[in-house]
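Notes for the one structure printed next.
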Number of protein chains: 2
Amino acid sequence: MADSNPKAKRRAKRSSRPRPGGSVTIHRIAAEAGVSTATVSRALNQPEKVSAEARERVQAAIKRNHYILDGFAVGLASRRSRTIGLLIPTITNSIYASSTQAVQRVAQQNGYSVLVGVSEFSPSREEVLIQKLLERRVDGLVLTGEARSAAAYEKIKRNGVPFVVTWQLTADPALPSVSFDNRKATFAAVEHLIALGHRRIGLICGRTDVNDRALARREAFEACMARHGLPVSADLVFERDFEFVEGRSAMHAILRHRSRPTAVFCANDIQAIGAMYECQEAGVKVPEQMSIVGFDDLPISQYMHPQLTTVRVPADDMGKRATEMLLAAIEGKPGDQRVELTTDLVVRRSTATPKRQNRASAS
Amino acid sequence: MADSNPKAKRRAKRSSRPRPGGSVTIHRIAAEAGVSTATVSRALNQPEKVSAEARERVQAAIKRNHYILDGFAVGLASRRSRTIGLLIPTITNSIYASSTQAVQRVAQQNGYSVLVGVSEFSPSREEVLIQKLLERRVDGLVLTGEARSAAAYEKIKRNGVPFVVTWQLTADPALPSVSFDNRKATFAAVEHLIALGHRRIGLICGRTDVNDRALARREAFEACMARHGLPVSADLVFERDFEFVEGRSAMHAILRHRSRPTAVFCANDIQAIGAMYECQEAGVKVPEQMSIVGFDDLPISQYMHPQLTTVRVPADDMGKRATEMLLAAIEGKPGDQRVELTTDLVVRRSTATPKRQNRASAS
DNA sequence: CTGAAAGCGCTAACAC
DNA sequence: GTGTTAGCGCTTTCAG
């Protein structure tokens with residue numbers, strides 16, 4: 001049973017059956033508008049290259065048939081997705097909502113969509129997400145933090161996908177990043193406390209094993225204390241998840257410490273708010289008996305009572321700049337490779353001079 | 001210049017050039033594993049239908065070549081995306097983070113990804129997003145609220161994409177939804193205030209023109225007051241955006257009202273927190289001089305001082321159930337069409353009996 | 001259990 | 001300015 005002419009068979013099939021149950025395709029539009037599929041495609045992507053009449057007939061046919069472009073076919077044929085991937089650790093801490101929103105906004109303004117992946121602070125889950133985003137052929141990637149396996153970076157690079165790191169300045173200058181300096185920001189916060197007269201200061205931060213920003217902040221805290229000749233008790237340092245309740249329980253422990261500190265630096269506002277709540281519940285006045293400084297300057301922080309002293313991070317600007325940098329890289333344009341943004345210490349009402357100087361720790 | 005054998009030409013091209021700069025495809029894997037592309041595809045999608053040896057050789061070749069599936073090709077050929085779309089109004093109100101997280105979790109557990117679109121409360125922007133999600137060939141859609149143009153619904157249905165409405169029980173029983181009853185929940189909150197002895201109650205809610213949940217809550221507030229024979233002054237009703245500062249400024253106006261109410265019902269916690277802050281700044285004690293009840297029970301609400309009395313909404317469960325219902329519909333399984341979840345009024349410390357009974361309003 | 005081959009719907013040379 | 005046509009990389013009958 002030799003088939004006489006396979007090609008003819010194929011073409012016949014194609015033109016004769018507009019896919020019974022299938023949706024309307026570019027072929028249908030072309031036929032109704034009396035042009036070729038190429039012209040329809042052009043009318044869609046480069047309208048200026050098509051005559052006005054043809055364009056109008058195509059538009060009419062599209063509207064009449066409720067035609068919807070097939071993104072898969074477009075992506076497959078054009079080898080571009082006009083999509084960027086965004087990897088964030090969590091969606092419930094609103095600080096990431098700010099940067100995410102900025103990324104979305106800039107991407108959209110430039111005709112790109114964004115696919116967001118939430119890793120929940122799990123490195124392995126993040127790798128799976130990177131794989132998935134690569135399978136979806138994202139044109140670029142916005143990453144959170146620099147710490148990830150060499151294999152993960154390898155995978156990204158092998159696929160020729162440009163990326164930019166946010167929330168952490170890359171140690172390796174070859175890796176593009178847009179961030180503020182976590183160390184500098186931490187120094188500002190801790191030195192504010194020290195300048196106020198605090199000598200015994202506790203630390204509540206995120207898990208340094210899965211969060212390089214938490215690690216950077218913890219190390220900076222310790223370096224700052226050391227620089228000022230102040231001791232850091234290991235039992236006054238708490239690494240916890242990003243939850244109000246974690247900040248609260250850490251403060252609970254701090255309050256019953258045999259040698260209670262007069263201030264606590266929280267490496268994020270969520271934990272700071274939990275910590276502040278615990279003080280209030282325990283009848284410990286903030287800031288009179290306990291100064292608290294946070295990090296992030298969440299929108300809620302200035303609506304707390306007392307308002308939280310905290311480090312304002314340029315989340316929105318970071319997302320914006322990172323996306324711009326990424327889009328430039330995608331389109332092969334030159335651009336900065338490493339942008340350092342500034343932070344501000346916002347002194348509000350949760351910090352003050354300690355009431356009674358605790359001289360115990362000064363040897 | 002008649003080409004002698006077009007088909008031969010095409011095939012020759014295909015097999016001879018593995019795309020110089022291109023990435024590795026299934027053809028390369030097939031060749032290296034000594035099987036056909038069909039077998040590679042099966043090894044990937046229905047491993048049980050492939051012999052163990054073949055499967056292993058394919059796996060090895062995949063690993064060795066760092067092969068990455070092309071999602072576009074898969075989607076185009078299989079006519080399925082294994083992706084669902086999620087439309088939310090905003091990303092900065094953390095209440096949507098909860099439901100979004102649940103949607104992501106359930107989707108992922110079932111092998112689906114989720115594409116989220118943020119409409120910023122703009123109906124036109126939402127329609128554009130629906131179009132984009134349809135172009136990306138989502139297998140289903142999770143919508144927020146029921147109110148949208150007939151054209152939008154038409155578009156979705158014409159493409160045969162199943163959907164489910166959340167955050168609002170659909171009036172039309174033909175439209176699937178998973179939600180709590182906004183009216184009942186509002187009644188519970190307002191009746192709590194009335195039971196406490198409040199007679200003059202203000203309302204702060206979202207914009208009812210672009211938010212049917214806000215509308216439902218406003219109408220329920222008015223109905224509840226009416227049922228109890230209580231008047232609702234138009235100048236004690238505020239429709240504002242979902243921002244702390246909006247709640248604050250509304251409360252500012254309320255506090256200087258010639259006939260200040262003793263309680264305010266806020267249709268969401270964000271505005272309630274802003275309102276509570278304004279009271280504190282103005283030296284008006286909550287709850288002694290002003291009772292405040294919120295709606296949503298955001299995680300932050302119990303860390304406020306005083307803790308906020310509010311309506312707990314089953315955001316997580318709603319996202320979960322909605323996604324399950326949607327996946328069932330996608331896979332053609334039967335299932336519920338309308339699920340009503342319950343809410344709880346969480347009485348905390350921002351509400352109390354009014355200090356001085358305001359008898360002025362009782363005619 | 002496996003392979004051959006026909007597309008999925010669109011884009012992009014290339015020719016006219 | 002417009003049409004022809006060869007794929008993009010994969011899935012999916014259909015045979016065997």
Side-chain angles (χ1 to χ4, degrees), chain A residues 1 3 6-19 21-31 33-55 57-58 67-82 135 137, chain B residues 1 3 6-19 21-31 33-55 57-58 67-82 135 137:
Chain A
M1 226 75 87
D3 41 15
K7 173 155 186 194
K9 187 169 116 197
R10 175 190 170 204
R11 299 199 54 203
K13 201 165 203 168
R14 211 180 226 188
S15 50
S16 66
R17 278 197 288 137
R19 281 258 93 193
S23 41
V24 350
T25 74
I26 206 178
H27 289 97
R28 168 84 161 274
I29 303 302
V35 298
S36 70
T37 59
T39 296
V40 176
S41 177
R42 283 187 208 104
L44 252 27
N45 304 306
Q46 331 170 48
E48 72 283 1
K49 290 198 164 183
V50 172
S51 70
E53 310 105 86
R55 209 185 309 147
R57 273 177 292 140
V58 168
Y67 168 70
I68 292 206
L69 196 69
D70 186 318
F72 287 138
V74 174
L76 185 57
S78 70
R79 321 292 307 131
R80 276 187 321 176
S81 63
R82 288 209 167 279
E135 291 183 351
R137 294 298 189 255
Chain B
M1 227 72 90
D3 42 16
K7 175 158 184 192
K9 187 168 117 197
R10 174 190 169 208
R11 300 200 52 207
K13 202 166 203 169
R14 209 181 226 189
S15 51
S16 66
R17 279 199 288 135
R19 282 259 94 193
S23 41
V24 350
T25 74
I26 205 178
H27 289 97
R28 168 83 162 275
I29 303 301
V35 297
S36 70
T37 59
T39 296
V40 175
S41 177
R42 284 188 206 105
L44 252 27
N45 304 306
Q46 330 170 46
E48 72 283 1
K49 290 196 164 186
V50 172
S51 70
E53 309 105 85
R55 208 184 310 146
R57 272 178 293 140
V58 168
Y67 169 71
I68 292 204
L69 197 70
D70 186 317
F72 288 139
V74 173
L76 183 57
S78 70
R79 319 294 307 130
R80 276 186 320 174
S81 63
R82 288 207 166 282
E135 291 183 351
R137 293 299 189 255

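Owing to the predicted nature of the structure, the values given are computational and were not obtained by experimental measurement. In what follows, chains are A, B, ... by sequence order, proteins preceding strands, each numbered from 1.
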Atom-to-atom span, [atom1] of [X] to [atom2] of [N] - whole angstrom:
X	N	atom1	atom2	result
B/I68	D/dG9	CD1	C1'	14 Å
B/R57	C/dT2	CZ	C1'	11 Å
A/L76	D/dC8	CG	P	9 Å
A/K49	D/dG3	NZ	P	15 Å
B/F72	D/dT11	CZ	C1'	17 Å
B/D70	C/dG9	CG	P	17 Å

Query raised in the report: Checking all strands, does B/E48 fall into the base, sugar-phosphate, or nothing category for heavy-atom contacts under 4.0 angstrom?
Result: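 Since only primed, P, OP1 and OP2 atoms lie under 4.0 Å of B/E48, the category is sugar-phosphate.
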Report summary line: Testing D/dC10, C/dT2, C/dC10 for proximity to the side chain of B/H27, the answer is D/dC10
Query - Shortest non-hydrogen contact from B/I29 toward B/Y67 - result: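 The answer is CD1-CB, 3.7 Å.
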Requested in this report: Work out which heavy atom in B/R55 is nearest to a heavy atom in B/P47; give both atom names and the distance.
Outcome: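 Looking at all heavy atoms of both residues, the shortest contact is NE-O, 3.2 Å.
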Report task. For the pair A/R42 (side chain) and A/K49 (backbone), establish whether a donor and an acceptor sit closer than 3.5 Å, ignoring hydrogens and angles. Result -> no
Query raised in the report: Is the backbone N or O of A/S81 less than 3.5 Å from a side-chain atom of A/R137, with the two atoms forming a donor-acceptor pair by type?
Result: no
Query - Protein proximity profile, nucleotides 11-16 of chain C - base contact B, sugar-phosphate-only contact S, no contact -, cut-off 4.0 Å on heavy atoms - result: SBB---
Requested in this report: Decide side chain to side chain contact (heavy atoms under 4.5 Å, CB included) for A/L44 and A/S41; before the verdict, give the C-alpha distance in whole Å, the side-chain angles of both, and the deciding distance to 0.1 Å.
Outcome: CA-CA 5 Å; A/L44 252 27; A/S41 177; 5.7 Å; no
Query raised in the report: Which residues pass the side chain to side chain contact (heavy atoms under 4.5 Å, CB included) test with B/T37, sequence neighbours left out?
Result: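 Residues passing side chain to side chain contact (heavy atoms under 4.5 Å, CB included) with B/T37: B/I26, B/H27, B/A30.
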Requested in this report: Please round to 10 degrees the angle between the axis of the first five pairs and the axis of the last five pairs in the helix from C/dC1-D/dG16 to C/dC16-D/dG1.
Outcome: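 About 20°, once rounded to a multiple of 10°.
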Query raised in the report: Hey, what do you get for CG (B/D70) to CG (A/L76), rounding to the nearest 0.5 Å?
Result: 6.0 Å
Requested in this report: Would you give the length of the straight line joining atom CG of A/L69 to atom CG of A/N45, rounded to the nearest 0.5 angstrom?
Outcome: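 Separation between the atoms: 7.5 Å.
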Query raised in the report: Given D/dG9, is OP1 or OP2 found less than 4.0 Å from the side-chain N or O atoms of B/T25?
Result: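 Looking at the OP1 and OP2 atoms of D/dG9, neither is under 4.0 Å from any side-chain N or O of B/T25.
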